[in-house]
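A short write-up of the structure that comes next.
Letters A, B, ... mirror the listed sequences (proteins, then strands); counts begin at 1.
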There are 2 protein chains.
Amino acid sequence: MKDGPDISRIAALIGDPARSNMLLALMDGRALTASELADAAGITKQTASFHLARLLDGALLAREIQGRHHYFRLDNADVGHAIEVLLGIAESRTGNRARTGPKEPALRKARICYDHLAGELGVLVYDRMCAQRWLTGAGNETFVTPKGWVALKRIGVTKSDLSNSRRPQCKTCLDWSMRRHHLAGVVGQKLLEQFFERGWAKQLPQTRIIEFSKKGEASLRKWLN
Amino acid sequence: MKDGPDISRIAALIGDPARSNMLLALMDGRALTASELADAAGITKQTASFHLARLLDGALLAREIQGRHHYFRLDNADVGHAIEVLLGIAESRTGNRARTGPKEPALRKARICYDHLAGELGVLVYDRMCAQRWLTGAGNETFVTPKGWVALKRIGVTKSDLSNSRRPQCKTCLDWSMRRHHLAGVVGQKLLEQFFERGWAKQLPQTRIIEFSKKGEASLRKWLN
DNA sequence: TTCATCATTCGATCGTAATCGAACCATGAA
DNA sequence: TTCATGGTTCGATTACGATCGAATGATGAA
């Protein structure tokens, strides 16, 4: 037990209500200021600052300072993934109802998972992209095929957009409500960005829900054939 | 924040060193007695009993009473999955070295993940089974093909073995060291069982390491072509 | 410079969770 | 019955972490 990975340290960081509320507030991938996070958790600024320092120290959060504003965001997608898994367990305990996943149908349909699309539509995107051989590779190591790049270009995501990023291009992320995988990684992020820019979807304020317009969903399905 | 899934409750349960040590000790899928767990965590029986009651209450553990022995095991594979994810984060924080995953090469090669095989060999099994169309389906919903049942029968796993289980037959589990998927679910469990029975591999006591004999690994690779 | 705002640090308080000794309960063996 | 063992409950202690008021640092605007 000496120098092994200290799982309890990480879990304890998430295990405080104030901190977990702040982490949940960051699950949409945005960066929030200390005051906003204090608000989200319902605590004073001092207390928030204390907790944020701990989260920074544990490298669950990253901070970016702009003038007098300090912006905090999840340090990486792994943190978001851990929170999704814990959400899944917590839900199965408290909910105790037959169907898995979030209660709100809207959340189950489409939501943001750190910085990419999750829910029914997220799984649909991943499935269709696999079925049409736009993606290749088993398990978590997934790559875009040449055919896939053509399709992505049609929607405004180009290879050069991602070349200078250190993040893995594609990853899969286990979907909490669907119990299947959806697309994460830079491609997943850029894709969602395009959905927003094209007006196909927008994020409901203060929630993780992503709402597709009728037209937007139709366009998406058309793109996926 | 009223009645939503309480992620901090779950995380706080894992976030105590004594409890996390007990959970880690159970990651090999076996069921251990209260005394054994007290030992594993380095605490007295009373304290262990206190923690075990909390873990039961939070439904992270399940208890089975046999005479005066109380056996504890992880309540389900989701719990094991959550711990693997946290292990991954903790490792990336403390280790800070380039390569991901456990330090010990043996652990990276083959280890037990809740009740199935993980590590390089675990990923190999999954990849080969997919490549030969013994498994089908994208994401986490995976099924054994007719061709796959033939191959599984050759190694002693038959369809009838699993018919009366409520657990999903096949699941994929994200491998902490490899960052790829390996096979979980009942099939993954039965498969590992066969590896043990055939003497291809054995678990090193007090560790999660699974050691394949030279002959055993050769037999495994032959089975996978 | 002065002022307002955003954030962190300090200090003190408070509550609660972890711990263990001791007692108690249940089971199985003698 | 008695005894030994595995496990839980009770009670008291202890220590640590969360919280907030107040003070201190920054930054940007007037």
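Distance CG (L61(B)) to P (dT8(D)): 12 Å, rounded to an integer number of Å. Atom pair F72(A):CZ and dC6(C):C1' shows a separation of 11 Å (rounding to whole Å applied). When rounded to the nearest whole Å, the span between NE2 of H69(A) and P of dT8(C) equals 12 Å. In this structure, I65(A) atom CD1 and dT27(D) atom C1' are separated by 11 Å, rounded to whole Å. In this structure, CE of M22(A) is placed 11 Å from C1' of dA18(D), rounded to the nearest angstrom. As rounded to whole Å, 11 Å separates atom P of dG7(D) from atom CG of L32(B). Rounded to an integer number of Å, the gap from H70(A) NE2 to dC6(C) C1' is 7 Å. Separating the NZ atom of K45(A) from the C1' atom of dA7(C) is a distance of 7 Å, rounded to the nearest angstrom.
The side chain of T33(B) contributes no N or O atom lying less than 4.0 Å from OP1 or OP2 of dG6(D).
Note on R111(A) versus E84(A): salt bridge recorded, some NZ/NE/NH1/NH2 to OD/OE distance being below 4.0 Å. With salt bridges taken as basic N to acidic carboxylate O contacts below 4.0 Å, none links K109(B) and E120(B).
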*Quick one, give me the B/S/- string for nucleotides 18-26 of chain C, reading 5' to 3', where B means a protein heavy atom under 4.0 Å from the base and S means that only happens at the primed atoms, P, OP1 or OP2.*
SBBBB----

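The minimum heavy-atom distance linking R19(A) with L13(A) is given by the pair NE-O, 2.7 Å.
Under 3.5 Å, the side chains of Q46(A) and S49(A) contain no donor-acceptor pair of N or O atoms.
Relative ring orientation between H182(B) and H116(B) is described as tilted, the plane-to-plane angle lying within the 30° to 60° band.
R63(B) contributes no side-chain N or O that, together with a main-chain N or O of R73(B), makes up a donor-acceptor pair within less than 3.5 Å.
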